[in-house]
Amino acid sequence: MSKSLIYSNIKHMRQSQLFTKTQKDALKDEVSVNAQLLIRAGFVDKLMAGVYTFLPLGLRVMTKIENIIREEINKIGGQEVFMPTLQPKESWMKTGRWDAMDDLYKVKDTGGKEFALGPTHEEVVVPLAQKYINSYKDFPFYIYQFQNKFRMELRAKSGILRGREFLMKDLYSFHLNEEDFNDYYEKAAKTYEKIFQRAGIGDKTYKTFASGGSFSKYSHEYQTVTPAGEDTIHICNKCGLAINEEIRAETETCPNCKGTDFRKEKAIEVGNIFNLKNKFTKPFDFKIKDEKGEDKEVIMGCYGIGLSRLMGTVVEVYHDDKGMIWPESVAPFKVHLISLGKNEEAEKIYADLQKKNIEVLFDDREVTAGQKFADADIIGIPYRIVISEKSLQAGGAELKKRSEDESEIIKIKDLIEKLK
Ligand SMILES: [Zn+2]
């Protein structure tokens with residue numbers, strides 16, 4: 001069973017059983033907010049610079065992001081596969097990227113045979129498609145995957161925003177003409193907007209014009225505005241369109257409305273979409289006979305989203321000085337149930353939430369109230385319910401949103417209805 005199925009099936013957990021613990025003190029070797037909070041809250045563990053283990057809470061977030069992306073990509077016809085990380089050198093020689101790509105990890109076995117650790121999968125997906133596709137009637141088609149990618153980052157210090165090993169969704173579309181490609185590119189762009197909206201960062205994420213390299217005029221980056229960003233984007237004050245630094249250097253006016261008034265923002269690139277044209281189909285000589293029997297070159301688009309980076313971006317956008325504040329759609333659980341002192345009532349509510357399929361982390365540990373509240377704040381689950389002598393005397397349970405300061409007392413019988 002895939003991890004996504006396992007994690008969407010588990011709806012509840014006792015914190016006393018969770019093997020990870022929170023850490024109180026700031027970490028000396030992490031400069032980024034996302035890594036500080038994710039490590040201290042027990043979502044990820046740093047193995048070495050740019051390489052992280054996803055712990056139970058962090059993996060739940062990652063899996064939710066993955067499932068949002070999967071649902072939306074399936075809607076635009078994506079067929080999911082799982083391609084290998086270890087890839088033959090010959091394919092990378094064919095496309096010229098064995099020598100041209102500076103950040104490619106190359107490994108050698110004891111027999112002297114060389115391989116690439118995939119930073120991207122054109123070298124695998126093109127020969128794969130070529131094996132199965134032999135008629136123009138098979139077009140267009142769309143192949144995607146979730147895969148760990150490798151990139152030789154010499155300065156990995158942005159936490160999970162820029163890893164040496166990181167999880168990505170990469171989608172590849174195959175077409176026989178430009179018009180068909182353009183239709184799909186627009187469809188994918190709309191889908192990307194939906195994905196970022198559902199992940200909670202839609203309002204801060206801009207479709208940004210970027211240079212298309214030598215193959216097309218433009219490509220697009222999806223840039224999320226936050227002070228932690230390593231990129232700079234220029235947002236047109238008239239129409240809201242964004243362009244990246246490279247494009248800004250080449251143009252005085254907005255490509256959309258011809259406006260000249262831009263504001264500058266720091267941003268993180270959470271996704272990109274690219275017109276590859278025949279860049280990768282040509283080296284593999286991927287051609288198809290059209291209805292007239294003439295050879296047609298296959299053209300491609302590629303569409304990436306960095307999942308670990310998206311998760312780090314959500315943390316950069318949604319946190320305060322006490323910890324993370326997860327949007328409900330990607331939170332590890334919906335409810336953090338806290339019992340102070342031994343009380344039957346909390347156990348009963350825990351059972352009720354399970355029955356109603358409401359995701360809940362139950363803090364049943366024997367630690368101080370202060371410790372429980374601090375942990376709830378750093379972990380950042382959207383709803384906190386406290387059951388204590390005091391709350392029961394006041395008439396029920398204390399309910400507080402992580403994003404708000406005020407709490408309210410809710411009658412226990414109304415609690416489930418309130419949370420549904
Ligand atoms: Zn404009």
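Order of appearance sets the numbers: ligands from 1, and atoms from 1 within every ligand. Computed over heavy atoms, backbone and side chain alike; hydrogens, waters and symmetry mates excluded.
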Please confirm whether H220 and F209 have ring centers closer than 6.0 angstrom.
yes
With distance as the sole criterion, is a donor-acceptor pair present between the side chains of Q15 and D364 under 3.5 Å?
no
Could you list the residues that satisfy side-chain contact (heavy atoms from CB on, under 4.5 Å) with R198, not counting sequence neighbours?
I68, E71, E72
Quick one: ring-ring contact (aromatic ring centres under 6.0 Å, His included) pairs with a partner in residues 222-244, sequence neighbours left out?
Y192-Y222, F196-Y222
Please set out all donor-acceptor pairs under 3.5 angstrom arising from side-chain atoms of residues 77-90, sequence neighbours excluded.
{"from": "E80", "atom 1": "OE1", "to": "R70", "atom 2": "NE", "distance (Å)": "2.7"}
{"from": "E80", "atom 1": "OE1", "to": "Y144", "atom 2": "OH", "distance (Å)": "3.4"}
{"from": "E80", "atom 1": "OE2", "to": "R70", "atom 2": "NH2", "distance (Å)": "2.9"}
{"from": "T85", "atom 1": "OG1", "to": "Q147", "atom 2": "OE1", "distance (Å)": "3.1"}
{"from": "T85", "atom 1": "OG1", "to": "Q147", "atom 2": "NE2", "distance (Å)": "3.4"}
{"from": "Q87", "atom 1": "OE1", "to": "W92", "atom 2": "NE1", "distance (Å)": "2.9"}
{"from": "Q87", "atom 1": "NE2", "to": "P84", "atom 2": "O", "distance (Å)": "3.3"}
{"from": "Q87", "atom 1": "NE2", "to": "H121", "atom 2": "NE2", "distance (Å)": "3.0"}
{"from": "K89", "atom 1": "NZ", "to": "E114", "atom 2": "OE1", "distance (Å)": "2.8"}

Within-2.8 Å protein N/O/S contacts of the Zn ion (ligand 1):
C236 SG, C239 SG, C254 SG, C257 SG
For K282, does the NZ atom sit with more than 12 other heavy atoms under 6.0 Å from it, leaving out its own atoms?
no
